[in-house]
Number of protein chains: 2
Amino acid sequence: MSVDPISRFRRFNRAVTAEVGALDSSFLGRGRPLGAARVLNAIGHGRSDVAAVRDYLGLDSGLMSRLLRGLEEEGLVATTPHPDDARRRIAQLTDAGRQEFEAYERLSNERAEIFLARHPRPEALLAAMDLVASVFGRERVSIGEVSPRGEEALYCLGEYYGELARRFETGFDVSLSRDPHADSMVRPHGGFFVAFSDGLPIGCVGLSGKGGGMAEIKRLWVSPAARGLGLGRRLMQAAEDAARELGINILRLDTNSALPEARRLYERLGWREIARFNDDPYPDLFFEKHL
Amino acid sequence: MSVDPISRFRRFNRAVTAEVGALDSSFLGRGRPLGAARVLNAIGHGRSDVAAVRDYLGLDSGLMSRLLRGLEEEGLVATTPHPDDARRRIAQLTDAGRQEFEAYERLSNERAEIFLARHPRPEALLAAMDLVASVFGRERVSIGEVSPRGEEALYCLGEYYGELARRFETGFDVSLSRDPHADSMVRPHGGFFVAFSDGLPIGCVGLSGKGGGMAEIKRLWVSPAARGLGLGRRLMQAAEDAARELGINILRLDTNSALPEARRLYERLGWREIARFNDDPYPDLFFEKHL
DNA sequence: CAAAATGTCTGACTTAGGTCAGGTATCATG
DNA sequence: CATGATACCTGACCTAAGTCAGACATTTTG
């Protein structure tokens, strides 16, 4: 019986091709070819620069131009020259365009809801989808610096605390831990970095400093769906790069032996175990790295 | 932060659309449009009837005819009239066609291997993909009667025993259990049914009889990826239908309280708990249903 | 056995999507 | 301020894919 990995992969492909095809063609219900609908959606999602849309959708400049013209004639899009550079153009939805865009959004959301409702445990299904999407999108993960008070950061931190609570035998209570003040993770003291996969945050790390040549790495978290894809390393690299930029040359961090994969990561990245340097009740392992 | 189910679903869609598109276009490397490649593959996978191919690929009869003609001109396919009905035609690969088909298969397998190698735990990735594929392919699951000695049946039984071994505190040893003889699950005594999703077996059930108006349901198994999609019910229905056909009017089964979802299923389907009717060491629950 | 139905094929046509070679306006630079 | 680079646009062209009406041979049905 051929239930080998390859057959399973190919079954997945066929199932998904059929379904995604149906999803795509549901966009056809609004009497507009798929190309035009995709451009409308890209603009609706905030890609206003014509070149950005073209790039995102992988379109030839001629084709892009024609699609844009079509949407303009329909009265859904208006283009204006870019204020800094009149060669470039920026496209924006008109009121009618925004309505049409929202109709597409509704369609898409409806399909998503129907699909998720097909399973008795949508959370398990979503976790599986996250995992697949993370592996597929592995090359398209970007790391950005954000405010540690912003919603992306808060989301990541919430997930991080939840994970610790699950993995520490004693649970985890933020208020008992040495919680770095958000100001310490903002320039010029430090920074806060979030990894985005197609717009969704899937990992974070904080660089917490007080001025001077020393800082701490805090709150390294990678979404379960994205583990094993080298994201921890990339986040640590982003934090180190920022530290160098800020003139920091000694980094420290604390962690717990209940998180063996974190320990392995630090060791692989050239961190050295040192003696306890704080009285936080949760960590039992302490590391340092000279840049 | 929008990390709601809908966003996650849509992220999955985008990731998969991009990847599956790349996969499709990898078929273009052999200098043949996708449509022709799809027809070649359908024939290679054993769909010889022209109507069957057309139906499977959802093609117009005119288009199908032209694609077939193209493949014939390339010397990859030969068509002959159907022996029973000269209006119908059957298509078969020539030697050159088979070589070309195998080249496509190799391409497809290579891509699958590369993808799976991207993850440190391919088994977790595959489990996630199986789950998604099962939900997507929910409507396309077919139940067929097979020999209980065939490879599909043996595969399912292997998975079934593995599952019991994991779920029973004492483990599970087939040789200690009352294993129904395969002959009892073949007409006219009984039957063995396997659920297929796109060719892969994802569930089974046996109807084990010795002649006479009574039979037992044995070996009900549903792949973890396909649970919660109503497959258990469909398999039980297939077994019951076969029982009625064979003139059986009393069905029995035994199960274990370590499998609560099985118990719930039986109760929902109108089975009644009865007293122990055998001395098998594993079951502790016994059910009966009058048809 | 004539009429209706079926399965495939052919020709004429349409649409979506895409490529390519210029063309035009604008910007950056020596 | 001339020159080349850049960003977008236009026209001409092409292919893949699909639709539709009718043709033809064969089979089924009244």
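Just so you know, these numbers use all the heavy atoms, side chains as well, and skip hydrogens, waters and symmetry mates. Here is how names work: the chains are called A, B, and so on, in the same order as the sequence lines, proteins then strands, and each is numbered from 1.
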How many Å lie between CG on Leu68(B) and C1' on dC9(C), as a whole number? 11 Å

Side-chain contact check for Ser65(A): nearest option of dT10(C), dT8(C), dC9(D) is dC9(D)

Ignoring hydrogens and angles, state whether a donor on the side chain of Gln92(A) or Thr80(A) is under 3.5 Å from an acceptor on the partner side chain. no

If you measure from the Lys or Arg side-chain nitrogens to the Asp or Glu carboxylate oxygens, is any gap between Asp241(B) and Arg244(B) under 4.0 Å? yes

Mind calculating the distance between CZ (Arg38(B)) and P (dA16(D)) to the nearest angstrom? 15 Å

Without decimals, in angstroms, what is the distance between Asp55(B) CG and dT8(C) C1'? 15 Å

Under 3.5 Å, is there an N or O donor on one side and an acceptor on the other linking the side chain of Arg87(B) and the base of dT6(C)? yes

When you measure only distances, ignoring hydrogens and angles, does the side chain of Arg89(B) come within 3.5 Å of the base of dT26(D) through a donor and an acceptor? no

Output the rounded distance in Å from CG (Leu67(A)) to C1' (dA16(C)). 10 Å

Determine whether more than 12 heavy atoms belonging to other residues, nucleotides or ligands lie under 6.0 Å from atom CZ of Arg38(A). no

Given the side-chain rings of Phe136(B) and Phe115(A), with only the six-membered ring counted for Trp, is the space between their centroids under 6.0 Å? yes

Whole angstrom is fine here: how far is it from NE2 in His82(A) over to C1' in dC9(D)? 19 Å

Using the side-chain heavy atoms of Asp85(A), tell me which of these nucleotides is nearest: dT10(D), dG18(D), dC27(C). dC27(C)

Measure CD1/Ile90(B) against P/dG7(C) and give the value in whole Å, please. 15 Å

State which of dC9(C), dT26(C), dT27(D) makes the closest approach to the side chain of Ser61(B). dC9(C)

Does the dG11(C) base have a donor-acceptor partner in the side chain of Arg66(B) within less than 3.5 Å? yes

Taking the side chain of Ala86(B) as heavy atoms from C-beta outward, which of dC9(C), dA7(D), dT26(D) is closest to it? dT26(D)

Could you tell me how far apart Asp60(B) (CG) and dA16(D) (C1') are, to the nearest whole angstrom? 14 Å

Asp84(A) or Gly35(A): which one's nearest nucleotide on DNA chain C is closer to the 5' end? Gly35(A)

Side chains of Arg11(A) and Ser134(B), donor plus acceptor under 3.5 Å: yes

Just N and O in the side chain of Arg54(B): are any of them under 4.0 Å from OP1 or OP2 of dT8(C)? yes

N or O in side chain of Arg88(B) less than 4.0 angstrom from dT6(C) OP1/OP2: no

Has the side chain of Arg32(A) got a donor or acceptor atom sitting under 3.5 Å from an opposite partner on the base of dT15(C)? no

Distance in angstrom units between Met64(A) CE and dC8(D) C1', rounded: 10 Å

